[in-house]
Q: 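Got a structure here, written out as structure tokens. Questions coming.
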Amino acid sequence: MLLMIIVDDAGSFIPAMNHSPWDGVTVADFVMPFFLFIVGVALALAYKRVPDKLDATKKAVLRALKLFCLGLVLQGGFFHGVRSLTFGVDLQEIRLMGILQRIAIAYLLTALCEIWLKGDEDVDYGYDLLKRYRYQLLVGAVVAITYMSLLYGTYVPDCEYQTSGPGSIEKSFFVKCGVRGDTSPGCNAVGMIDRRILGIQHLYGRPVYARSKQCSIDSPQNGPLPPDAPSWCQAPFDPEGLLSSVMAIVTCLIGLQYGHIIVHFQKHRERIMNWLIPSFSMLVLAFAMDFLGLRMNKPLYTLSYTLATAGAAGLLFCGIYTLVDIYGYRRPTVAMEWMGMHALMIYVLIACNILPIFIHGFYWKEPQNNLLKFIGIGP
């Protein structure tokens with residue numbers, strides 16, 4: 001949560017704090033996977049004992065639906081922003097996917113795995129964890145293989161889209177593709193599947209690749225289009241789309257396995273060793289894949305990106321555990337603990353601009369005379 005707030009505020013003027021325009025990762029690109037990772041850890045503790053599997057399944061489905069619907073309201077376009085105090089969204093253009101929707105999908109699938117796919121074997125060593133939770137690991141492997149097959153095996157045909165320019169003048173653009181296995185912004189399978197299933201009008205209208213060198217004179221910031229900008233630069237693209245959300249499930253499942261280590265091992269040394277080994281292994285594998293051409297890419301949520309961010313999350317989790325649980329330095333983390341306990345509330349109020357909209361929404365006679373000016377912050 002703290003990293004998310006820093007990224008939202010500093011990302012506009014510090015490139016390392018903003019999302020990568022396409023290939024590669026920045027600090028901002030670790031926020032979403034860290035959320036998903038800790039959701040998996042929490043699920044291992046929440047479902048440590050499941051006396052009634054059907055009841056637990058029902059509650060998990062309801063929680064996921066609530067989170068998904070909340071995401072539709074917050075990120076579907078209902079709130080128009082801080083500088084526009086209007087609200088409401090045309091259902092023909094509502095954004096269907098988003099951050100909370102992705103978390104809801106990953107949460108539900110991971111929760112179902114933890115409820116229904118656990119073995120009865122005793123756990124004394126790290127290898128025993130693989131045996132006890134082998135079906136969960138199989139689900140993760142199947143999901144990853146399915147994603148890779150679709151990303152590199154799906155044929156992406158040519159596409160056409162329209163945008164509204166100044167004065168509501170509609171412009172049409174044609175994107176030449178006709179390829180398989182392409183991971184460029186214009187012709188990847190992730191975007192094509194979202195366009196076919198969700199509809200291009202329901203995708204995010206400000207694609208991250210608009211800040212790339214091909215699409216912005218001021219790259220890595222937003223800016224005017226270069227004279228030779230590709231036709232795909234203004235095409236809608238959802239960074240939390242359907243196919244990329246499939247790999248988010250894998251991140252959540254990895255976090256689930258880290259939570260199992262807490263459940264089955266009581267000694268600090270055993271826990272740390274069982275966290276460090278897979279964390280470093282995933283990082284090494286991720287960088288090897290990136291070196292061989294399977295680039296780390298957040299918008300596509302590639303396998304190398306999944307492994308790199310999960311490995312980093314594991315190391316950070318291990319570091320915080322060592323600091324707080326072993327050495328007892330809890331005071332420095334009190335603020336972050338509070339933020340973690342109220343993560344959804346903070347996300348709704350700050351990340352979705354509800355708090356800024358509320359502050360700007362009350363004024364005296366003129367919109368400029370709002371609460372910020374009253375307390376001496378506004379102009």
Q: Once you round to the nearest 0.5 Å, how far does CG of L253 lie from CG of L36?
A: 10.5 Å

Q: Mind checking whether T183 and L294 have side chains closer than 4.5 Å, heavy atoms only?
A: no

Q: So, for W22 and F237, is the gap between ring centers shorter than 6.0 Å?
A: yes

Q: Do L315 and L283 touch side chain to side chain, with heavy atoms closer than 4.5 Å?
A: yes

Q: Between L300 and N188, is the side chain to side chain contact (heavy atoms under 4.5 Å, CB included) condition met? List the steps.
A: CA-CA 8 Å; L300 300 181; N188 60 81; 3.6 Å; yes

Q: Using the rule given for salt bridge (charged side-chain N to carboxylate O under 4.0 Å, His left out), can you reason through E160 versus K176, listing the C-alpha separation, both sets of side-chain angles and the distance that settles it, and then say yes or no?
A: CA-CA 9 Å; E160 188 175 358; K176 178 68 176 176; over 6 Å; no

Q: Is the backbone N or O of A286 less than 3.5 Å from a side-chain atom of S304, with the two atoms forming a donor-acceptor pair by type?
A: no

Q: Same hydrophobic cluster for L256 and L130, using side-chain heavy-atom links shorter than 4.5 Å among ILVMFWY?
A: no

Q: Indicate the atoms forming the closest heavy-atom contact of T309 with F34, along with that distance.
A: O-CE1, 3.6 Å

Q: Are M192 and Y155 close enough that some pair of their side-chain heavy atoms sits under 4.5 Å apart?
A: no

Q: Does any part of the side chain of P207, heavy atoms only, come nearer than 4.5 Å to the side chain of W232, both counted from C-beta?
A: no

Q: Establish, from distance only, whether the side-chain atoms of R206 and Y204 form a donor-acceptor pair under 3.5 Å.
A: yes

Q: How many angstroms lie between atom CG of L96 and atom CG of L91, to the nearest 0.5 angstrom?
A: 10.0 Å

Q: Decide yes or no on salt bridge (charged side-chain N to carboxylate O under 4.0 Å, His left out) for R132 and D128, but give the supporting numbers first.
A: CA-CA 6 Å; R132 183 181 175 93; D128 296 332; over 6 Å; no

Q: Flag the pair F317 / Y258 as yes when their ring centroid distance falls below 6.0 Å, and as no otherwise.
A: no

Q: Within the structure provided, determine whether R180 and T154 are in side-chain contact (heavy-atom separation under 4.5 Å).
A: no

Q: Rounded to the nearest 0.5 Å, how far apart are CE of M247 and CG of L151?
A: 9.5 Å

Q: Between M289 and L285, is the side chain to side chain contact (heavy atoms under 4.5 Å, CB included) condition met? List the steps.
A: CA-CA 6 Å; M289 294 175 69; L285 183 57; 4.1 Å; yes

Q: Report the distance from atom NZ of K66 to atom CG of L344, rounding to the nearest 0.5 Å.
A: 12.0 Å

Q: Are there over 12 heavy-atom neighbours, none belonging to R196, within less than 6.0 Å of that residue's CZ?
A: no

Q: Starting at CD of Q257, measure out to OG1 of T110 and round the result to the nearest 0.5 Å.
A: 9.5 Å

Q: Could you tell me whether the side chain of H202 and the main chain of I94 form a donor-acceptor pair under 3.5 Å?
A: yes

Q: Apply side chain to side chain contact (heavy atoms under 4.5 Å, CB included) to residues L243 and D194 and explain how you reach the verdict.
A: CA-CA 8 Å; L243 185 56; D194 286 340; 5.7 Å; no

Q: As a quick check of understanding, evaluate side-chain hydrogen bond (donor to acceptor under 3.5 Å, both in side chains) for Y107 and R63, giving each step before the final call.
A: CA-CA 9 Å; Y107 161 81; R63 288 193 193 99; 3.2 Å; yes

Q: Does D29 have any salt bridge (Lys or Arg N to Asp or Glu O under 4.0 Å) partners at least two apart in sequence or in another chain, and if so, which?
A: none

Q: With the side chain counted from C-beta on, respond yes when E114 and H260 share a heavy-atom pair under 4.5 Å apart, and no when they do not.
A: yes

Q: Would the distance check show the side chain of S244 and the main-chain N or O of E240 forming a donor-acceptor pair, the cut-off being under 3.5 Å?
A: no

Q: Ignoring hydrogens and angles, state whether a donor on the side chain of S216 or D218 is under 3.5 Å from an acceptor on the partner side chain.
A: no

Q: Distance-only, no hydrogens or angles: does the R271 side chain make a donor-acceptor pair with backbone N or O of I262 under 3.5 Å?
A: yes

Q: Above 12 or not: heavy atoms from other molecules or residues under 6.0 Å from OH of Y161?
A: yes

Q: Please enumerate all residues that pass side chain to side chain donor-acceptor pair (under 3.5 Å) together with R330, with sequence neighbours excluded.
A: E337

Q: Verify the neighbour count for atom OH of Y127: are there more than 12 heavy atoms of other residues, nucleotides or ligands below 6.0 Å?
A: no

Q: I'd like to know whether C177 forms a disulfide bond (SG atoms under 2.5 Å apart) with C159, so could you lay out the CA-CA distance, the side-chain angles of the two residues, the decisive distance to 0.1 Å, and finally the verdict.
A: CA-CA 7 Å; C177 292; C159 70; 5.2 Å; no

Q: Examine V284 and V250 and state if one hydrophobic cluster contains both, with Ile, Leu, Val, Met, Phe, Trp and Tyr joined whenever side-chain heavy atoms are less than 4.5 Å apart.
A: no

Q: Should L303 and L138 be regarded as members of a common hydrophobic cluster, given that ILVMFWY residues are connected when their side-chain heavy atoms come within less than 4.5 Å of each other, either directly or indirectly?
A: no

Q: Examine the side chains of Y301 and T251 and answer whether a donor and an acceptor come within less than 3.5 Å of each other.
A: yes

Q: Hey, are D23 and N297 close enough side-chain-wise for a donor-acceptor pair under 3.5 Å?
A: yes

Q: Count the heavy atoms of every other residue, nucleotide or ligand shown that sit under 6.0 Å from CE of M341, and state whether that count exceeds 12.
A: no

Q: Between Y209 and A235, is there a donor-acceptor pair closer than 3.5 Å when you use the side chain of the first and the backbone of the second?
A: yes

Q: Would you please indicate yes or no on a ring centroid separation below 6.0 angstrom for Y135 and W116?
A: no

Q: Here's a test for you: under side-chain hydrogen bond (donor to acceptor under 3.5 Å, both in side chains), which of R102, R95, R195 qualifies with D238?
A: R95

Q: Heavy atoms only: give me the nearest F265-E270 pair and the separation to one decimal.
A: CD2-OE1, 3.6 Å

Q: So, do Q221 and N18 sit near enough that their side-chain heavy atoms are less than 4.5 Å apart?
A: yes

Q: I'd like to know whether S219 forms a side-chain hydrogen bond (donor to acceptor under 3.5 Å, both in side chains) with R211, so could you lay out the CA-CA distance, the side-chain angles of the two residues, the decisive distance to 0.1 Å, and finally the verdict.
A: CA-CA 5 Å; S219 180; R211 295 188 288 104; over 6 Å; no

Q: When hydrophobic residues are tied together by side-chain contacts of less than 4.5 Å, even through go-betweens, does L109 share a cluster with I145?
A: no

Q: Are L316 and Y327 grouped together when hydrophobic residues (ILVMFWY) are joined by side-chain heavy atoms under 4.5 angstrom apart?
A: yes

Q: State the CG-CD distance between L129 and Q136, to the nearest 0.5 angstrom.
A: 10.5 Å

Q: Start with the C-alpha gap between Y125 and H264, add the side-chain angles, then the distance that decides, and say whether side-chain hydrogen bond (donor to acceptor under 3.5 Å, both in side chains) holds.
A: CA-CA 9 Å; Y125 303 98; H264 293 290; over 6 Å; no

Q: Mind checking whether I105 and I249 have side chains closer than 4.5 Å, heavy atoms only?
A: yes

Q: Go through the steps for T302 and R295 under the test side chain to side chain contact (heavy atoms under 4.5 Å, CB included), then give the verdict.
A: CA-CA 7 Å; T302 57; R295 300 299 306 279; 5.9 Å; no

Q: Do W275 and Y321 have ring centroids that are under 6.0 Å from one another?
A: yes

